[in-house]
Amino acid sequence: MKLPATATLAQANELLRQLGEDTEVVDASELADFDSSAVALLLEARRRAAARGRTLRIDGAPAQLVELARLYGVDELLGLPAAEAA
């Protein structure tokens, strides 16, 4: 699944419908405008993959998405890269 440039609450239901049950790779490289709904969508994709005994891979996650996931404490759960040391 390739995420669009915008993934906010307004798009959440449609993105969830597009997610599919067999998604194993999410391309987040185009994300520019997003909120916690994007993190929730990724958690759902991970849940669906795990239910099939698979691992979700997230490609191209922007730094702001990684930071948001880190703030919620789910960055490692989603397999996102660790924040760079300052």
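Computed from a prediction, not measured in an experiment: that's the story for all the values here.
Between Leu77 and Arg46 the shortest heavy-atom distance is O-NE, 3.0 Å. Across Val66 and Asp75, no two heavy atoms sit closer than the pair O-CB, 4.3 Å. Scanning all heavy atoms of the two residues, the minimum distance from Asp33 to Thr8 falls at O-CG2, 3.9 Å. Summarising the geometry of Ala28 relative to Ala61, their closest heavy-atom pair is CB-CA, 4.0 Å, with the distance given to 0.1 Å. Heavy-atom minimum distance, Lys2 versus Ser29: NZ-OG, 4.0 Å.
In the hydrophobic clustering of ILVMFWY residues, with side-chain heavy atoms under 4.5 Å counting as a link, Tyr72 and Leu41 come out together.
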Quiz prompt | Worked verdict on Leu19 versus Glu44 for side chain to side chain contact (heavy atoms under 4.5 Å, CB included) | solution = CA-CA 9 Å; Leu19 182 58; Glu44 176 60 15; 3.9 Å; yes
Practice problem: Mind running side chain to side chain contact (heavy atoms under 4.5 Å, CB included) on Val39 and Leu65 for me, showing each step along the way? | Solution: CA-CA 8 Å; Val39 174; Leu65 179 64; 4.0 Å; yes
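Atom CD of residue Glu76 and atom CG of residue Leu78 lie 10.5 Å apart, to the nearest 0.5 angstrom. Taking CD from Glu67 and CG from Leu80, the interatomic distance works out to 11.5 Å, rounded to the nearest 0.5 Å. Taken to the nearest 0.5 Å, the CG atom of Leu42 stands 11.5 Å off from the OG atom of Ser36. Within the model, atoms CZ of Phe34 and CG of Leu15 stand 13.0 Å from one another, a figure rounded to the nearest 0.5 Å. Within the model, atoms CG of Leu3 and CD of Gln11 stand 11.0 Å from one another, a figure rounded to the nearest 0.5 Å. If you take CE on Met1 and CD1 on Ile58, they are separated by 11.5 Å, rounding to the nearest 0.5 Å.
Residue Arg48 places its CZ atom among more than 12 non-hydrogen atoms of other residues, nucleotides or ligands, all under 6.0 Å distant.
Using a 4.5 Å heavy-atom threshold, the side chains of Leu56 and Val26 count as touching.
A salt bridge links Glu24 with Arg52: at least one charged nitrogen is closer than 4.0 Å to a carboxylate oxygen.
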